[in-house]
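Beneath this line is the structure, given in structure tokens, with notes to follow.
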Amino acid sequence: MANSHASTDGRTPFEVYWHARFLGNARLAPCSKILKQQPARRWLDEHADPDATTLYVGIDAGETRRIPGIRKGWAPWHVEFPLTNEPGLTKAAMLAEARSLGLTPPAAYDEGFAHANCAGCCVRGGQAHWLRLLERHPDRFADYERREDEFRAEFGDVAILKEQRDGVVRPLTLAELRRRNERRESSSRP
């Protein structure tokens, strides 16, 4: 998977991490900024008058805490969040509505993922997300595990995931997550 999950500029998230010398994680994802937000900003700068343009962002009522940061990040454009106006509108309800209109949502939703980012390899996903990827797409998980190991060999004790034990936050590698899952599965077999 040499060019897995390439962006419009041809780079993969891991190529961005290497260039930035920073491994994306749940808190900071340079891939999102560089591969999505910056190209969108360039397009807006070239084609959209901030005084005559409204941006619509598809977060739902459960994500309203993100609104101030999104508004600040997209200034001077006016930003609206129409899905937050209906508190009972869940992702499941939106997916059902899309299907009723003849739209086919990404397969990731049918596979139990909470979102359809980066073919399931989103560094913002937590441990449960990555375990689902391991279960559903072990090849993708293995690819990211290998890439994370290569990054760690160059830059030290960093990981996509983290864990907290005894009040101490530590990196949790994909390799360790996989090994723990394998031990758990083997101990639960009769």
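In this chain, numbering begins with 1 at the start of the sequence shown. Source: prediction; values computed, not measured.
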Kindly give the heavy-atom pair with the smallest separation between [X] and [Y], and that separation in Å.
X    : Y    : answer
F81  : T84  : O-OG1, 2.6 Å
H129 : H115 : CE1-CE1, 3.7 Å
P171 : V158 : CB-C, 4.1 Å
D60  : L89  : CB-O, 4.3 Å
F141 : L174 : CZ-O, 3.4 Å

- Side-chain heavy atoms under 4.5 angstrom apart, residues restricted to Ile, Leu, Val, Met, Phe, Trp, Tyr: same cluster for M94 and L103?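 No.
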- On the 0 to 90° scale, with breaks at 30° and 60°, tag the F151-F14 ring pair as parallel, tilted or perpendicular.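 Plane angle over 60°, so perpendicular.
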- Step by step, work out the salt bridge (Lys or Arg N to Asp or Glu O under 4.0 Å) result for R178 and E145. CA-CA 9 Å; R178 177 186 46 77; E145 180 181 329; 2.8 Å; yes
- Mark yes when over 12 heavy atoms from residues, nucleotides or ligands other than R183 sit less than 6.0 Å from its CZ; otherwise mark no.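 Yes, because the 6.0 Å sphere around CZ of R183 holds more than 12 heavy atoms from other groups.
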- So among V123, I34, T12, which one has a side-chain contact (heavy atoms from CB on, under 4.5 Å) with Y17?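 Exactly one option meets the side-chain contact (heavy atoms from CB on, under 4.5 Å) with Y17, and it is V123.
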- Query: Distance only, no hydrogens: is a donor on one side chain within 3.5 Å (strictly under) of an acceptor on the other, for E80 and H78?
  - Reply: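 Judged by distance alone, the side chains do pair up.
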- Considering only heavy atoms from C-beta outward, does the side chain of F155 approach that of F22 to under 4.5 Å?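 Side chain of F155 against side chain of F22, heavy atoms only: no contact under 4.5 Å found.
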- Message: Between E163 and E176, is there a side-chain heavy-atom distance shorter than 4.5 Å?
- Response: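 When only atoms from C-beta onward are counted, E163 and E176 do not touch, as no gap falls below 4.5 Å.
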